[in-house]
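Chain letters run A, B, ... following the sequence lines, proteins first, then strands; residues in each count from 1. All heavy atoms count here, side chains included; hydrogens, waters and symmetry mates do not.
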There are 2 protein chains.
Amino acid sequence: MARRSSSSQEVLLGLLTVEPMSGYDLGQSIRTSIGFFWNESYGQIYPNLKQLAAAGLVTAKTEKQKGKPDRQVYSITPSGRAHLEEWLAVEPQPEVPRNELLLKLFFGAQAGPETVTGYVERMAQRERGYLEKFRQIERELLSQMRRYPDAPYWRMAARFGQLEVEAHLRWAEETLKALRKMEAGRQRSAIGKEKRHAGK
Amino acid sequence: MARRSSSSQEVLLGLLTVEPMSGYDLGQSIRTSIGFFWNESYGQIYPNLKQLAAAGLVTAKTEKQKGKPDRQVYSITPSGRAHLEEWLAVEPQPEVPRNELLLKLFFGAQAGPETVTGYVERMAQRERGYLEKFRQIERELLSQMRRYPDAPYWRMAARFGQLEVEAHLRWAEETLKALRKMEAGRQRSAIGKEKRHAGK
DNA sequence: AAATGCATGTAACGCGTTACATGATTTT
DNA sequence: AAAATCATGTAACGCGTTACATGCATTT
């Protein structure tokens, strides 16, 4: 097996400990339940499932459906669980950050406050949407606490997202105030220039 | 010119609006000033500078130094500034998140609370270090407000990092409490099992 | 004597997204 | 009639890290 550095296969194994699923299901699960801190495209999921099956970490079973196309349902094997536990025992590395909004804000002087104000406003809008989602997740998790023994861990992860979103919103409010002050200042000086020109 | 989706070249142009720099300088600047929200390796910086020079967006000038090897000092050109402004006018896309710590925490039930506790503790330690750095950056920026007209924008970006770090630390404290409770619970039930075994 | 910093660059490799292909059913 | 959903997969391409190469000066 080639040296692998990413966690794309392990996230599939992890989700398959909850219940057997198809590649399509896994894509849905990722998007809806861990999407706020992890993401996989189908271009990753399907080939990785094949590799996992070839390595004996999962097994596939074809399920026929009326009307809809066949499903390949994958289950984790004992050696798959062993692999997952090994991976879990490795210290997670801090990720390298890349925040394009902050990058454009950092160079905001080259564009003027009007441009970046819009970016921050729409970012805040998005974050407010996330806040709603987290509240919903919180309710669902609380009601399913005893159905899933892993739920306490899921809550901790969701709580991280919640606190981050709240911090983002506080930042956005503060930053919009500052940007609007700058805009006002620029308008005043622009009017000043106009008057000076008109008076010429 | 080929279609480019990433911002690796634009970050170089942006930093060169502050002052002319060598590839090495740019690497240092990135690490020390925007490193908390953006990152570039030398394997990206040097080839991208060449491409920028070939496209006429920067110019290179060889500077000789005593003892040390020659430096290629790059300056942004007017068309470089135009390109930067165009890029700044494009709405920044929200990045796809990948947080390995949260991923391992999410699957924490497969490893047990002891394992993930260590991960969160060391994460909190790192974050406390960042907090110190942000306080230092804040001091430096305040003292250099009139030397650099872009400083207000830099402060906004730094403030984002500050608020995020504070949120992370609050989360870590909360989560460590919950994990330690779970550990205690598991110990009690492990002792219970032991006693039952001993009594057999 | 060894390690670190200055300084520039290239090559290999893996990761990940996007686009494409196919085709039926259900909803708008 | 068109779009969205279910469902699986492949291929191309760009991005980005890591390792490697070189070599002098300074610090430990």
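Distance from the side chain of A:V96 is smallest for D:dT17 among the nucleotides C:dG16, D:dT17, D:dT10. Of the candidate nucleotides D:dG9, D:dC15, C:dC15, D:dC15 has the atom lying nearest to any side-chain atom of B:S5. Checking D:dC15, C:dT10, C:dG16 against every side-chain atom of A:S8, the shortest atom distance belongs to C:dG16.
The aromatic ring centres of A:F134 and A:F36 sit less than 6.0 Å apart.
For the pair A:T77 (side chain) and A:G80 (backbone), a donor-acceptor distance under 3.5 Å is present.
Within the 4.5 Å cutoff, side-chain heavy atoms of A:W171 are placed close to those of A:V120.
B:Q72 and B:S22 share no side-chain donor-acceptor pair at under 3.5 Å. With 3.5 Å as the limit, one finds no donor-acceptor pair spanning the side chains of B:Q9 and B:H83.
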Can you pull every protein N or O that's under 3.5 Å from an N or O on nucleotides 5-7 of chain C?
residue : atom : partner : partner atom : Å
C:dC6   : OP2  : B:Y24   : OH           : 2.6
C:dA7   : OP1  : B:Q65   : OE1          : 3.1
C:dA7   : OP1  : B:Q65   : NE2          : 2.7

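Following rounding to the nearest Å, B:E100 (CD) and C:dC15 (P) show an atom-to-atom distance of 13 Å. Here the P atom of nucleotide D:dA7 and the CD atom of A:E63 are 10 Å apart, to the nearest Å. The CG atom of A:N48 sits 10 Å away from the C1' atom of C:dC15 (whole-angstrom rounding). Regarding B:E10, its CD atom lies at a distance of 10 Å from the P atom of D:dC15, rounded to whole Å. Distance CD (A:E95) to C1' (C:dG16): 17 Å, rounded to an integer number of Å.
Put simply, B:S41 has a side-chain N or O that comes within less than 4.0 Å of OP1 or OP2 on D:dT17. In this structure, A:N39 does not reach the C:dG16 phosphate: none of its side-chain N or O atoms is under 4.0 Å from OP1 or OP2.
Residues B:E127 and B:R170 are not paired through a salt bridge, judged by the lack of any N-O separation under 4.0 Å between the basic side chain and the carboxylate.
Taking hydrophobic clusters as Ile, Leu, Val, Met, Phe, Trp and Tyr residues chained together by side-chain heavy-atom distances below 4.5 Å, B:Y42 shares a cluster with B:I30.
Nearest-nucleotide mapping onto DNA chain C: of B:K50 and B:R98, the residue sitting toward the 5' end is B:K50.
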